[in-house]
Structures are given as C-alpha cells and as structure tokens.
Protein chains: 2
Amino acid sequence: MPTSRSYQDACGIARALDVVGERWALLVVRELLLGPQRFSDLRSGLPGASSNLVADRLRELAGRGVIRRRRLAPPAASWVYELTDWGRELEPIVLALGGWGLTVPLPATPTTLSATSVLLFLRGSARPDPQAPATYRLELDDQVWTVRTVAGRAHIQPGEPADADASLRTDPRTLNALLENPDLLADAISDGSAAAAGDLPALRRLLRAVTSPAA
Amino acid sequence: MPTSRSYQDACGIARALDVVGERWALLVVRELLLGPQRFSDLRSGLPGASSNLVADRLRELAGRGVIRRRRLAPPAASWVYELTDWGRELEPIVLALGGWGLTVPLPATPTTLSATSVLLFLRGSARPDPQAPATYRLELDDQVWTVRTVAGRAHIQPGEPADADASLRTDPRTLNALLENPDLLADAISDGSAAAAGDLPALRRLLRAVTSPAA
DNA sequence: CCGCATCCGTTTCGATACTG
DNA sequence: CAGTATCGAAACGGATGCGG
C-alpha cells in the first residue's frame, strides 16, 4: 500500500503538505497550471524526474483528487492529466511561491526550464498594451501554445491557435532571455535559436510587455 | 556535505522548493511564524519529527538564510531560532497553503496539533469586537502566549503579557475545540482540561470571535 | 534538562532497463 | 507513447548517547 506517509497533524499547513508536499508534486501541479498535458509532455517539462516518479506522483495526486486523468476525444485517443477544480485552487499559492523563489539564487550548475515555467512567468508579468490585442502561436520544444493579449493581460493555452497574428518558434530558455531583453530577437533569429513569422512588430510588443509594461 | 538535492530548475517555484520543499521544512517555518522558539519548543510543536531531523532542517534553513539562530540576552543565555526578514516573506504563502489544507480531510489516526497551529488559526480567523480591546494570557502545554485583540484583529506573541485581562490554561486541541464551540468552556473547565481566570466574559468574547465575528 | 550527534532499520528517490 | 520493473543511493524516522 503506497499510502504516502502523513504528518498526522490537524493543522491545515500539514494537511496541505500531506497532499502536495512530496518531492516533485508541486512541480507536477505547475506543469498543469496552463492546461491538460500528456504524460510525455510532463516528462519533458520535468526532465530531472524519472519516469516512475512522475507516474507515482500522478497516481497519488489523482487519488487525492488534485488532478484527473482524462481520455481525449477521438481521433486523438490519448490520455491527458489536468487539474481538478480543487487542484486549481492551488494556483495562486503556487504562483506566490514562485514569486518568492525568484529571490532565491539560481542553482550554479546548468538548469532546466520548462515551457510552462516561462509561459507562467510571461502570463504573470506581461502587461500588454490593451489597445493592441493580438493572438500568437508559440512553439516551444515542439509543443504549440496559443497566447492572446486582451485587456492588458496575456492568456495562454496549450494547442494551436485558430488564427494567429504572429508566431515564434524557439526553446524555453531563449524565450526567457528574449523576455528579459527583447532586443536579442534579431540575434536569436540569425543564429537559429528562434524563428519568427507574421506580424513582427506585434511579436516585439509581446516580448516587451514584460520589461516595459503598458501604463 | 548535506547539500540538499536541487531540482536544477530555473523556475521560481522549483527554486523556492529547493529551499523550503524538503519534508518538515515548511512546518518549521510555521512554528516560527509567531515568534522565536527554542529547539525544545520546536520539537514539542513537531512531535512527529525526530530530533536529528529538526536539527538538520534548522541548519539547512539557517544556511539558506530563511531562519537565524540567536542568543537570548542574559540571564536566559539560551538559543532561539527565528525567521529572517526574507523568511518572513513566506508567511502569506504558508498561511494560504494552510487555508487550502483545511479542505483536506483530517487524517484518520489521532493527530497532533501544535500551539502555534491553533494560534495561527485564531489569529487568521478571529474578528474580535473592536469596541472591546483586551489582553489575554494563554498557557498551552506549559508555554505562555500573549494575545491582544485590537482594532478587530488578534495579535499573538510568545511570552508573558505585561498585564492580562483574562487567562486560560489548556492544551492546543482543547483550545481548538473551544474555538469551534465556545459553549464547551464550562465543560472543559469542569473536567480539568482547561482552567480560566480573570475577566471570563472577555475570555468568552475571544473564543466567540472566530465563530461569531464582529460585523 | 537542553541541544544536538551517532547509529541503524525502513522508506523514498533516482537512474536505467524494459514492456504493451 | 505511456508507462512498469528493478536496484543502488540517499533521506527519513526512531532510539540512544553525550557534552554543557
């Protein structure tokens, strides 16, 4: 019986940690914050976790009701994991923890950075010009995301956009660098680490929405 | 070198968990949210953690700058642990996590409940009558706390109050029950699980401030 | 007694290999 | 693609020891 060990403490903090306090659990939640993901998507977002670990956490979190396993409609016929309504209530907490974590020094050795992590940062920090709503197609490590800027906020979903003003194909680390310094876009394109198409001024506006938020 | 293992992930959430994601770490932070505590206080607040575990976590959290070890002024000449300013920034996050955790079913087997846990709940939930500020002496498992109700809020500190309107001596679990149902106070006193002194109506107002918050 | 350190059995983690 | 099986290494958890 893999009944995960409990703190046996009636305090709410301990009870929360009984559910999401195990190693990797909150990072699995993080990966699902922007929408349903398949097992292999989760694995590539959590390259440091072994496959059995990811499988264990998914089983436990599903058993606790934080996430759910769902079958995609045909012809996809694949399985995805997604947060339940209850699990989604962790979102502000996890994001606040992430804000605090930005003040933690970066690990010295080379680090990973998942697409979801960068996109959560983008969504949380971008203040796009409300006068110029736009839709973008972002392809990060072969996964496609839809980004829409509406009413001064960025909305992000996994999957293809119906219609995009501009598109960008790159990797999470490069996108992160571009969000810190949008002027690097030309360099990234010329050295092949990024490829852009469509309304490039709109794309620049998106990248600048983090460093130069609209008033 | 007990250099705790890192997620090696640049995401803020992962970096936060590198610091406070280990087992028991956030519960140590919880125990310090209301003020400095000695090693033995921490141990009695975390009865499920072995002594070496507590010592390990304290060392790690101190090394990371979340907490600090400080010598009390003579004649106490003892050591206490306390949150640094940086560690204190975890407070809203930990409290939010605790709020979510209240929706987690209680562990089946008998649970512990630390004085800090109940007092955090009291502080977070009590809406005392702003018209009747008061100071209380609370003695929980031989540790003394000062509770002051001011401006519709409860303020809590470890240690003796300078001057108390009323005092209550009990254990965390009984106090928790009394906060849920203040009418049990007479029973608790008569069966010896609580002892009260001073302005008893004021004490009843404190207990009722959680279930019947002032408008 | 307080504040740990050491020892040791058990559980979990993490890497690799493997299967439907 | 979506996991399971296996196994050594690390961490946890309980008991005990020990200096101040």
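The structure presented is a predicted model; accordingly, all values stated were derived computationally and were not measured. Note on naming: letters A, B, ... go to the chains in the order of the sequence lines (proteins, then strands), and numbering restarts at 1 for each one.
- Rounded to whole Å, the distance from CZ on B:Arg59 to C1' on C:dT6 is 12 Å.
- Between B:Arg69 and the phosphate of C:dC4, there is a side-chain N or O to OP1/OP2 separation shorter than 4.0 Å.
- Side-chain contact between B:Leu119 and B:Leu138 is present, with heavy atoms from C-beta onward closer than 4.5 Å.
- Checking side-chain atoms of A:Tyr136 against main-chain N and O of A:Ala202 turns up a donor-acceptor pair under 3.5 Å.
- Rounded to whole Å, the distance from CG on A:Leu46 to C1' on D:dA2 is 15 Å.
- Sorted by first and then second residue, the pairs that involve residues 41-51 of chain A and meet side-chain hydrogen bond (donor to acceptor under 3.5 Å, both in side chains), not counting sequence neighbours, are A:Arg38-A:Asp41, A:Ser50-A:Asn52.
- For C:dC13, the OP1/OP2 oxygens have a side-chain nitrogen or oxygen of A:Arg57 closer than 4.0 Å.
- Toward the 5' end of DNA chain C, the nearer of the two residues B:Trp79 and A:Asp56, judged by each one's closest nucleotide, is B:Trp79.
- The ring-ring contact (aromatic ring centres under 6.0 Å, His included) search around B:Trp79 returns none, not counting sequence neighbours.
- Two end axes, each from the C1' atoms of five base pairs, can be drawn for the helix from C:dC1-D:dG20 to C:dG20-D:dC1; they diverge by 30°, to 10 degrees.
- Using a distance-only test at 3.5 Å, with no hydrogens or angles considered, no donor-acceptor pair links the side chain of B:Ser117 to the main chain of B:Leu113.
- Side chain of A:Thr170 to backbone of A:Ser193: a donor-acceptor contact under 3.5 angstrom is found.
- The shortest side-chain heavy-atom distance between B:Trp24 and B:Arg57 falls under the 4.5 Å cut-off.
- A donor-acceptor pair under 3.5 Å is formed between the side chain of A:Thr149 and the backbone N or O of A:Ala134.
- Judged purely by atom type and a 3.5 angstrom limit, A:Asp165 has no side-chain atom pairing as donor or acceptor with the backbone of A:Gly198.
- Side-chain N/O atoms of B:Thr111 and B:Arg173 include a donor and acceptor closer than 3.5 Å.
- Looking only at distances, a side-chain donor or acceptor of B:Ser190 sits under 3.5 Å from a matching main-chain atom of B:Asp187.
- Put simply, the side chain of B:Leu185 reaches to within 4.5 Å of the side chain of B:Arg204, judged on heavy atoms.
- Atom CZ in B:Arg71 sits roughly 11 Å away from atom P in C:dG3 (whole-Å rounding).
- Judged by distance alone, the side chain of B:Thr135 and the main-chain N or O of B:Arg148 form no donor-acceptor pair under 3.5 Å.
- Going from atom CD of B:Glu60 over to atom C1' of C:dC4 covers 15 Å, rounded to whole Å.
- Side chain of B:Arg15 to main chain of A:Leu102: a donor-acceptor pair is present (N/O by atom type, distance under 3.5 Å, no hydrogens or angles).
- A heavy atom closer than 4.0 Å to some atom of DNA chain C occurs in no member of residues 30-42 of chain A.
- Remark: C1' of D:dA2 and CG of A:Leu58 are 11 Å apart, rounded to the nearest angstrom.
- Protein atom CG of A:Leu17 is 14 Å distant from nucleotide atom P of D:dC12, rounded to whole Å.
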Between protein and nucleotides 14-16 of chain C, what N or O pairs are separated by less than 3.5 Å?
| from | atom 1 | to | atom 2 | distance (Å) |
| --- | --- | --- | --- | --- |
| C:dG14 | OP1 | A:Arg23 | NE | 2.6 |
| C:dG14 | OP1 | A:Arg23 | NH2 | 3.1 |
| C:dG14 | OP1 | B:Arg5 | NH1 | 3.4 |
| C:dG14 | OP2 | A:Arg23 | NE | 3.4 |
| C:dG14 | OP2 | A:Trp24 | NE1 | 2.6 |
| C:dA15 | N6 | A:Asn52 | ND2 | 2.2 |

Could I get a table of every N or O pair under 3.5 Å where one atom is in the protein and the other is in nucleotides 18-20 of chain D?
none

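- In terms of phosphate contacts, A:Tyr7 brings no side-chain nitrogen or oxygen within less than 4.0 Å of OP1 or OP2 of D:dC12.
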